[in-house]
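Residue numbering restarts at 1 for every chain, and letters A, B, ... go by the order of the sequence lines.
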Amino acid sequence: MDDPVIVAERLEKTYRVPVKKGGALKTLVSRGTQAVHAVDGISFTIAPGEMVGYVGPNGAGKSTTIKMLTGILVPSGGQVRVAGLDPTRQRRTLAARIGVVFGQRTQLWWDLPLIESLELLRYVYRVPEARFTENLTAFRDVLGLDEFLQTPVRQLSLGQRMRGDLAAALLHDPPILYLDEPTIGLDVVAKGRIREFLLEINRERGVTVLLTTHDMADIAHLCPRMMIIDHGHLLYDGSVEAIRDRFGTERTLVVDLETDEPSPLTGLPAEEIRADGLRRWLRFRRAEVTAAELIAAVSARYGIRDLTIEEPEIEDIVRRIYQEGIGTRNE
Amino acid sequence: MRNEKASKSMPVMPKQPVPSVRPSVLSPQSSVLRTEFSLYLRFIAARIRGQMQYRASFILDVISRFLVNGLELAGIFILFHRFSSLGGWGVGEIVFLYALVTISFAFHEVVAQSFEDFSLTVRQGEFDRILLRPITPIVQVLASDFQLKRLGRVLTGVVALILALMRVHLTWTVGKLLYMPVVILSGIFLFAAIDLIGGTLSFWTIERTEVINVFTYGGVYMSSYPISIYQAWIRRTFTFFIPIAFVAYYPGLYFLDRTDPLGLPRFVSFLTPAVTVIFCAVALCFWEWGVRQYQSTGS
């Protein structure tokens with residue numbers, strides 16, 4: 001295996017936050033602080049070309065970790081190395097070798113047409129003109145940028161803006177791409193398009209991708225490997241398959257029936273957990289029945305107009321890991 | 001300016017030695033500066049293009065700024081309608097000081113206003129993005145809020161200068177002609193440096209604006225009048241601590257061929273550029289330190 005491009009060893013970040021005690025005046029004067037261990041000694045390595053999902057509940061330490069990997073934040077302890085560089089000491093050199101997309105913020109110029117933002121970034125990263133044209137042509141095609149290349153960024157939809165941001169983050173051919181909630185707030189079609197693009201740049205360009213997300217479907221589509229963080233600790237680092245088999249075993253089939261049927265539906269290898277008129281939620285276990293078998297069973301008895309399968313939420317998985325424990329940490 | 005110096009809390013990994021050269025270090029410092037300056041120009045050109053999309057609103061903005069600040073100027077004339085002189089200074093001389101301060105301050109508002117709203121940049125996490133780009137943060141911050149519409153106030157300053165020169169019949173010399181642009185440029189940098197210090201404070205507190213406005217807006221108002229009329233502690237504050245007196249009053253003594261009533265030597269008039277350089281250097285060091293604090297606190 002190649003040398004890892006990202007190495008974190010016992011990485012720590014401790015924030016000091018003011019403690020409120022007593023009245024406002026007392027808080028102003030005393031300024032007592034309390035240490036909050038946002039990231040509390042986590043270690044991992046990522047090899048070139050890997051695509052890793054980094055998941056955890058809100059406030060688990062995901063963003064703090066990413067900020068330390070980019071050099072925005074100085075770790076309070078431990079060591080980190082990205083692309084052979086020390087992120088905080090060589091932040092600006094590293095900046096040329098990473099692409100970063102924050103799902104909730106754009107790096108594009110609000111007032112300017114998308115194409116002008118991309119042109120400006122060409123100068124920021126000193127991308128040779130020929131390479132810029134080459135990349136832009138490729139991205140226009142895969143991301144479908146043409147329809148809004150001349151539109152000011154403030155007028156773009158969230159999905160369009162995200163596509164623009166992805167192109168912007170990759171113009172300078174960074175070998176490493178960090179994505180913080182890249183599909184947040186997007187509809188199914190837009191999510192699909194972004195996932196396809198990420199798979200392609202990972203496959204064609206060998207870009208190493210580390211992405212944080214709340215959406216287990218992102219992980220299921222994109223990442224063979226996932227790391228789960230909670231309260232600053234790494235709960236799990238290993239294959240997505242293993243975690244799904246163990247903890248993500250219960251999925252839900254949501255069906256819209258053609259005619260109303262008495263609730264609950266019977267004679268199915270699944271349990272109806274919710275009903276809302278024609279819409280029914282059927283929970284089933286991966287080990288007992290496949291989604292295809294269940295769909296076949298339902299449609300044999302009832303008319304189905306529409307259906308979706310809901311993957312377990314990351315919060316559910318983390319909760320189950322706590323309840324049931326985990327034997328295969330850092331396998 | 002680099003923010004990549006060794007940090008105490010971050011031990012170097014022993015396994016791989018840190019590569020000591022980077023492209024930007026290999027090239028001479030001057031070429032780094034040139035690249036960053038040309039980027040700055042590109043950024044502001046892009047911003048102006050963005051702002052010019054609404055041409056009518058732009059023109060109205062310029063005019064309204066001109067008029068609002070013109071009221072301030074009118075105020076001085078109204079004041080002198082009652083009192084013919086102030087501490088031995090006539091209305092023309094006062095308006096001359098006002099013009100110097102206003103032109104410098106207004107230009108500074110065009111180019112360096114972004115530091116006044118910098119707490120917003122920090123709070124919204126935009127500063128993270130700035131740290132993620134391979135350009136000096138200060139260049140990006142400066143370029144993020146270049147506002148051409150603030151030229152309206154420059155216009156007020158120019159009108160004030162014309163009105164002043166119509167009254168004081170200043171005796172022009174080559175020296176004065178050459179020194180005038182130097183003084184105005186220094187003033188721009190001085191005000192920008194004060195804002196930079198204020199902006200740096202927003203790494204720790206969001207209440208900075210009020211504190212620093214005492215010095216910028218208060219300083220502008222104060223230094224439109226001869227500093228000799230104020231109490232000693234005010235004179236000292238604005239000479240040694242926040243050297244706004246060097247924007248108009250001290251060089252003004254030279255332009256107007258006056259001597260300081262408090263007996264300051266003549267050469268003080270010519271200290272403006274030196275004071276500016278020192279003050280800017282202090283502000284820059286403070287900023288650089290603040291950036292490193294931000295990186296280790298992650299506010």
message: So for A:V153, is it side chain, backbone, both, or neither that comes closer than 4.5 Å to the heavy atoms of chain B?
response: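 A:V153 has no heavy atom closer than 4.5 Å to chain B.
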
- request: Check each atom of A:E116 against the heavy atoms of chain B and say whether the ones under 4.5 Å are side chain, backbone, both or neither.
  value: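 Just its side chain gets close to chain B.
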
Which atoms of [X] are under 4.5 Å from chain A, going by heavy atoms: the side chain, the backbone, both sets, or neither?
X	result
B:I135	both
B:Y40	neither
B:F43	both
B:Q124	backbone

message: If we ignore hydrogens and angles and just use 3.5 Å, is the side chain of B:R133 paired with the main-chain N or O of A:L121 as donor and acceptor?
response: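 Checked: no pair found.
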
How many angstroms lie between atom [atom1] of [X] and atom [atom2] of [Y], to the nearest 0.5 angstrom?
X	Y	atom1	atom2	value
B:D128	A:R105	CG	CZ	5.5 Å
B:L132	A:F102	CG	CZ	5.5 Å
B:L131	A:I72	CG	CD1	6.0 Å
A:L108	B:R129	CG	CZ	8.5 Å

Can you confirm whether [X] is buried at [atom1], in the sense that more than 12 heavy atoms of other residues, nucleotides or ligands lie under 6.0 Å from that atom?
X	atom1	value
B:Y221	OH	no
B:F189	CZ	no
A:E129	CD	no
B:F107	CZ	no

message: Any carboxylate oxygen within less than 4.0 angstrom of a Lys/Arg side-chain nitrogen, looking at A:R92 and B:E36?
response: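 Counted as a salt bridge, because a side-chain N and a carboxylate O are separated by less than 4.0 Å.
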
Largest heavy-atom contact set with chain B, pairs under 4.5 Å, which of A:T14, A:L120, A:D111: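 Option with the greatest count: A:L120.
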
pair B:P134-A:V124: side-chain heavy atoms closer than 4.5 Å: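 Yes, their side chains come closer than 4.5 Å.
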
